[in-house]
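Only one structure is covered here, and it is reproduced in the block below.
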Amino acid sequence: MKLLEVINEFTVENIEESINFYSRYFGFEVIEEDGNPLTWVKMRKDNAIIMLESYNQVVKEIKNYPNKVRTSNLIKFKYNNKVEVTNLYSKFLENKVYIFMDLKNTEYGSLEFGVVDLDDNMIIVSC
């Protein structure tokens, strides 16, 4: 059995606002969409893919889907350029986006910080 890929799919309260968040800060672009009104999108930035789906749509499609709660999982967006990570950090600071971990050099040689998206998903931005 061959695993083809792992794609994070975020359940979101407001899909349009979440699209704007991931486009504005991380440069993702919508490559597929579904629903009228919009309920699901696939987004790409370089070789990375994420999907966003309306929480209200997910609970209709998946019986016994749990109530939306704040997660303790971390999603890592790995970059190859410290300048880009530093610029992203500054952009989040300027726009008063909640940063749960300040920019720091780690003991394992990465430069990283942690930011929370509109649905409380915790993202580590690293290089």
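Note that the structure is predicted; figures quoted are calculated from it, not measured. Heavy atoms only: backbone and side chains are in, while hydrogens, waters and symmetry mates are out.
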[X] [atom1] to [Y] [atom2] distance, which is reported to the nearest 0.5 Å:
X	Y	atom1	atom2	result
D102	Y89	CG	OH	4.0 Å
E5	N47	CD	CG	11.0 Å
S110	K104	OG	NZ	10.5 Å
I49	M43	CD1	CE	10.5 Å
L103	S126	CG	OG	10.0 Å
E9	K42	CD	NZ	10.0 Å

>> My understanding is that only one of T11, D34, T39, I62 makes a side-chain contact (heavy atoms from CB on, under 4.5 Å) with Q57; could you say which?
In response: T39
>> Is it true that, when you exclude K60 itself, more than 12 heavy atoms of the residues, nucleotides or ligands shown sit nearer than 6.0 Å to its NZ?
In response: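 Incorrect, the count does not exceed 12.
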> Within a radius of less than 6.0 Å around CD of E29, do more than 12 heavy atoms belonging to other residues, nucleotides or ligands occur?
Replying inline: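 It does not: E29 CD has 12 such atoms or fewer within range.
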Any donor-acceptor pair under 3.5 Å linking the side chain of [X] with the backbone of [Y]?
X	Y	value
D46	A48	no
N14	E16	yes
D119	E13	yes
K91	R24	yes
T86	K82	yes

> Can you find a pair of side-chain heavy atoms, one from F77 and one from K45, that are under 4.5 Å apart?
Replying inline: no
> Side-chain contact, heavy-atom cut-off 4.5 Å: Y79 with E84?
Replying inline: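 Yes. Closest side-chain heavy atoms under 4.5 Å.
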>> Pair F113, F92 - check side-chain contact (heavy atoms from CB on, under 4.5 Å), show working.
In response: CA-CA 10 Å; F113 69 93; F92 283 115; 3.6 Å; yes
> Does the side-chain contact (heavy atoms from CB on, under 4.5 Å) test come out yes or no for V115 and F26, once each step is laid out?
Replying inline: CA-CA 12 Å; V115 65; F26 295 109; 4.3 Å; yes
> After noting the C-alpha distance and the side-chain angles of K76 and E112, does the key distance pass the salt bridge (charged side-chain N to carboxylate O under 4.0 Å, His left out) rule?
Replying inline: CA-CA 10 Å; K76 186 172 278 192; E112 57 189 33; 3.6 Å; yes
Joint hydrophobic cluster, [X] plus [Y], side-chain heavy atoms closer than 4.5 Å:
X	Y	answer
I19	F10	yes
L38	V30	yes
L93	V116	no

>> With side-chain contact (heavy atoms from CB on, under 4.5 Å) as the criterion, how do I75 and I124 come out once you've worked through the C-alpha distance, each side chain's angles and the decisive distance to 0.1 Å?
In response: CA-CA 6 Å; I75 300 104; I124 299 287; over 6 Å; no
>> Looking only at side-chain N and O atoms, does D117 offer a donor or acceptor that is under 3.5 Å from a partner on Y22?
In response: yes
Minimum heavy-atom distance [X]-[Y], with the two atoms named:
X	Y	value
S23	F28	OG-O, 3.1 Å
F100	M122	CE2-CB, 3.6 Å
F21	L118	CB-CD1, 4.0 Å
V12	I15	CG2-CA, 3.7 Å

>> side-chain contact (heavy atoms from CB on, under 4.5 Å), that's the test. Do C127 and L111 meet it? Break it down for me.
In response: CA-CA 5 Å; C127 68; L111 177 68; 4.0 Å; yes
